[in-house]
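Just below is one structure, and these are the notes that go with it.
Because only heavy atoms are used, hydrogens play no part in the values below, and waters and symmetry mates are left out as well, while side chains stay in.
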Amino acid sequence: MPEHIEVILRSITSFTLLLIGTRILGKQTISQMTMFDFVAAISLGAISANLAFNTSIKVHHTIIAFTIYVAIIFLIAVISLKNRKGRKFLAGDPTIVMQNGKILEGNMNKMRYTLDYLNQQLRERDIFNIEEVLFAIVETNGTLTVLKKPQFRNVTKQDLMIAVKPEKKLPIELIMDGEIIKENLEQNNITFSWLESELKKRNLFKHDVVYAVLAANGNMYVDTFRDHINSPIDKE
């Protein structure tokens, strides 16, 4: 087999294996990476890369190594799920960097967490005045969780004693890319006739709509293919 054809086939196999592996291990590996997840991702990536272009390594040896890695990572994840000590050992503990409005320099130094980075993380949470912070905690995946002082927290309807309508379900997507999502209608006991009547109230037909979603409060948002905007903003 020509070498370039072999590399193409190995690359396809590598990508397929990596996709299957991440599906088995779950979304947390890519969305909220702890130190263990980071090491696991690097290891799987390295094995997949070698499978793709390192023709000196036999394909079945690489596949065996990849399978063993996925099995080990999955087993450790199951153990972590059932064992709190194992979870703490692999993922670590959250670290408090601000307590009662005071910066804990000792905890920050242990993590090599600088004041510049702390301020950056606070600004990303729309906090430009550090005096607003009561507690700040660096989670095991590296994100910063912040609890503001009471006087700086957003006022809620509960604070103002305003009655609210309870919401017991998520928004339901009814139409996407101009196609009715039949599964969502069936699962939520929504009929085609009801949807058509709601569109008629807006002087619309199905083929006019690119996206329609039913909010938890019963209101329906509809976006049409024709936006009636003469000069749309397009910043590239």
Test your reading of the model: is there a side-chain donor-acceptor pair from [X] to the backbone of [Y], 3.5 Å cut-off?
X	Y	answer
Arg123	Phe128	no
Asp177	Glu179	no
Asn189	Leu185	no
Asn119	Leu115	yes
Asn107	Val97	no
Asn129	Glu131	yes

Derivation of the side chain to side chain contact (heavy atoms under 4.5 Å, CB included) call for Met220 and Leu195: CA-CA 10 Å; Met220 189 167 79; Leu195 179 57; 4.1 Å; yes

I'd like to check [X] versus [Y] (side-chain heavy atoms, cut-off strictly below 4.5 Å). Are they in contact?
X	Y	result
Ile172	Val213	no
Lys182	Phe192	yes
Ile47	Tyr69	yes
Leu144	Glu139	no
Leu134	Leu147	yes
Asp159	Thr156	yes
Ile180	Glu196	no
Met98	Ile130	yes

For the student: nearest non-hydrogen atoms of Ser48 and Ser14, plus distance: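 Of all heavy-atom pairs spanning Ser48 and Ser14, the closest is O-OG, 2.6 Å.
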
Which atom of Ile103 lies closest to which atom of Met108, heavy atoms considered: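 So the minimum-distance heavy-atom pair works out to CG2-SD, 3.4 Å.
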
Evaluation steps, side chain to side chain contact (heavy atoms under 4.5 Å, CB included), between Leu118 and Tyr113: CA-CA 7 Å; Leu118 173 62; Tyr113 199 89; 3.8 Å; yes

Check the surroundings of atom [atom1] in [X]: do more than 12 heavy atoms from other residues, nucleotides or ligands lie under 6.0 Å from it?
X	atom1	answer
Gln151	CD	yes
Phe152	CZ	yes
Glu124	CD	yes
Lys58	NZ	no

Measure the spacing between [atom1] of [X] and [atom2] of [Y] and express it to the nearest 0.5 Å.
X	Y	atom1	atom2	answer
His207	Phe225	NE2	CZ	10.0 Å
Ile175	Thr224	CD1	OG1	11.5 Å
Leu51	Phe66	CG	CZ	9.0 Å
Ile181	Met176	CD1	CE	5.0 Å
Ile63	Thr16	CD1	OG1	10.0 Å
Leu204	Arg226	CG	CZ	11.5 Å

Joint cluster assignment, [X] & [Y], ILVMFWY side-chain distance < 4.5 Å:
X	Y	result
Ile72	Val70	yes
Val146	Val138	yes
Val59	Leu44	yes
Trp194	Phe205	no

Carboxylate-amine/guanidinium proximity below 4.0 Å for Arg202 and Glu198: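 A salt bridge is present here (some side-chain N lies under 4.0 Å from a carboxylate O).
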
Criterion side chain to side chain contact (heavy atoms under 4.5 Å, CB included) on Val222 and Tyr211, from CA distance to verdict: CA-CA 6 Å; Val222 178; Tyr211 185 63; over 6 Å; no

Evaluation steps, side chain to side chain contact (heavy atoms under 4.5 Å, CB included), between Lys148 and Ile127: CA-CA 9 Å; Lys148 291 183 179 181; Ile127 300 173; 3.7 Å; yes

